[in-house]
Structure formats: structure tokens, C-alpha cells
Amino acid sequence: MKRFYILIILLLAAPLQAAECNMAFAHGILIAPEHIRIMQNNRTHVQINADEQLFIRGEWVTLNAEETALLQRYSQGLRKFVPEIVSIAVDGVELGLSSIEAMFTGIGSSAQQAEWRELVRETTFQWMSRFVRTNEHFYLAPQSLNELDYFLHGELKPQLDNLARHTVGAVWGALRDALRHSDNNFERSDNQEWQAVGALVNKINSGLDAKAVELEEKSALFCQRMQELDKIELQLQQRVPALLDYDVVAEKD
């Protein structure tokens with residue numbers, strides 16, 4: 001009977017432990033079709049070619065059959081996992097940006113539209129430098145799963161909301177100026193302007209909430225994958241000691 005109670009306690013505790021994942025990527029990771037790069041301060045320190053060749057600080061490391069098999073498991077694990085994380089974040093940003101940019105399409109001069117688009121891109125450059133997706137290339141900056149969740153909830157949403165408010169004001173200001181010089185009688189109250197802002201913000205938040213829910217639903221699976229990668233990485237480090245300086249998948253305090 002005592003063993004039965006212990007088993008029940010362990011089963012009840014398991015979901016709580018899964019929900020608190022402190023796994024993190026300690027280095028930047030670039031996934032490309034032909035290679036994987038482990039980076040720090042924009043410099044490549046470790047490179048895996050074709051899932052089977054290992055280079056550390058530019059030097060080719062000779063591996064035996066067992067070590068090559070481990071490297072393949074590690075490389076293929078990163079290839080399946082990193083693009084999925086990057087895509088969730090990038091999709092969230094692009095949903096917000098496309099809503100903002102769609103609003104000023106056809107309004108103002110070509111120069112004004114280019115200026116607004118440049119403003120939007122400059123504002124979001126810092127966010128996007130943490131997650132990059134270009135064709136079949138994916139980059140993930142050093143961060144934990146918890147930081148990714150905070151990015152969607154605590155950083156991205158308020159900043160896109162502020163950007164939407166600023167852009168709506170600029171667009172309607174340009175529209176007023178254009179119509180004052182035409183034969184049209186155009187009047188728009190502040191209340192109507194804020195209604196437009198509210199509708200845009202709601203649209204952005206709806207898309208971001210969907211991405212946050214997707215991340216939350218997959219968080220336990222993501223955490224498990226990172227723990228599995230960490231174990232493979234540890235085995236590689238035991239066989240290739242030079243890799244100890246590049247603990248890519250780590251448990252964050």
C-alpha cells in the first residue's frame with residue numbers, strides 16, 4: 001500500500017515538473033541545408049557538415065563510426081527542432097507586421113509608404129534578430145523556452161500595439177492632408193481614429209494569442225526534445241572533450 005501511495009504522488013507531480021522547463025540554448029544556432037553552425041558573437045565556433053563532419057574552431061575532428069552516429073542524431077535533432085521554434089516566433093511577428101502594412105496600402109504617396117514600411121522594419125529589426133527565417137535557413141539566438149514565451153507575451157504584443165497606434169496616426173494624418181487638397185469633404189474625429197487603432201490592435205493580438213497558445217501546447221514536447229538533445233550532447237562531449245567549451249543545450253539556473 002505504501003508503494004501505491006508513492007506511485008500516485010509521483011504521477012501527480014510529473015505534470016508540474018514538465019510545466020517548469022528551464023532548458024535553454026546557450027549559443028546561437030544557424031540551420032542551413034548543407035550545415036549547422038554553433039555561433040557566439042557572430043562567429044562560428046562549431047560547424048557540422050552534412051550531419052556527419054565536425055569542425056571545431058575551423059579544425060576538422062576525425063570521428064569513429066559510433067561518434068559519427070551520435071553526431072548524426074544530434075544534428076538531425078537540431079534540424080527538426082530549431083526551425084519549428086523559429087517559425088512560431090517569426091509567424092507571430094509577421095502576422096502583426098502584415099496587419100500594420102496592409103492598413104497603409106494605397107494611402108499616401110509612394111515615398112510616404114516607403115517611409116512607413118522602413119519605420120516598421122527598423123522598429124522590428126531588434127526583435128527579428130533573435131529569430132531569422134530565410135528560405136531554408138533558420139537562426140535562433142541564445143535563449144530559453146521561458147524567454148521565448150515571454151517574447152510572445154511580454155515583449156512582442158505591447159511593442160506591436162504601440163507601433164500600430166503610431167502608424168495609424170501617421171496614416172490618417174497623411175490622408176487628411178491629401179483630401180484637404182482635393183474636392184472631397186473629409187472629416188474624421190479622434191474617436192473614429194482610435195476605433196481604427198482598436199480594430200488593428202485586436203487583430204494583431206488575436207494572431208499573437210494563437211501563436212502563444214501553439215507554443216504553450218507544445219512546451220512540454222519542446223522541453224522533452226531539449227532534454228534528449230542535452231543527453232546526446234553530453235555523450236558527444238565525453239567522446240570529444242573539445243566540445244565541452246560549447247555547451248549548446250543547457251539547463252538554466
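Computed from a predicted structure; not experimentally measured. Residue numbers count from 1 along this sequence.
Closest approach of Y246 to H27, counting heavy atoms only: CA-NE2, 3.8 Å. Taking every heavy atom of both residues into account, L145 and S219 meet most closely at CD1-O, 4.4 Å. For the pair F25 and V249, the tightest heavy-atom approach, listed with the atom from each and the gap, is CE2-CG2, 3.9 Å.
Remark: F138 CZ to L78 CG distance equals 13.5 Å, nearest 0.5 Å. Residue E52 holds its CD atom at 9.5 Å from CG of L63, rounded to the nearest 0.5 Å.
Side chain of R79 to backbone of A32: a donor-acceptor contact under 3.5 angstrom is found. Panel note: side chain D51, backbone L71; no donor-acceptor pair is recorded below 3.5 Å. Distance alone, capped at 3.5 Å, is enough to place a donor-acceptor pair between the E233 side chain and the V248 backbone. Proximity of a side-chain donor or acceptor of E67 to a complementary backbone N or O of N64 within less than 3.5 Å is detected. Distance alone, capped at 3.5 Å, places no donor-acceptor pair between the T134 side chain and the H137 backbone.
For CZ of R73, the number of neighbouring non-hydrogen atoms (other residues, nucleotides, ligands) closer than 6.0 Å is 12 at most.
R225 has a carboxylate O that lies under 4.0 Å from a charged side-chain N of E84, or vice versa, which qualifies the two as a salt bridge.
Checked options T68, N49, L243; the residue passing with L54 is L243 (criterion: side chain to side chain contact (heavy atoms under 4.5 Å, CB included)).
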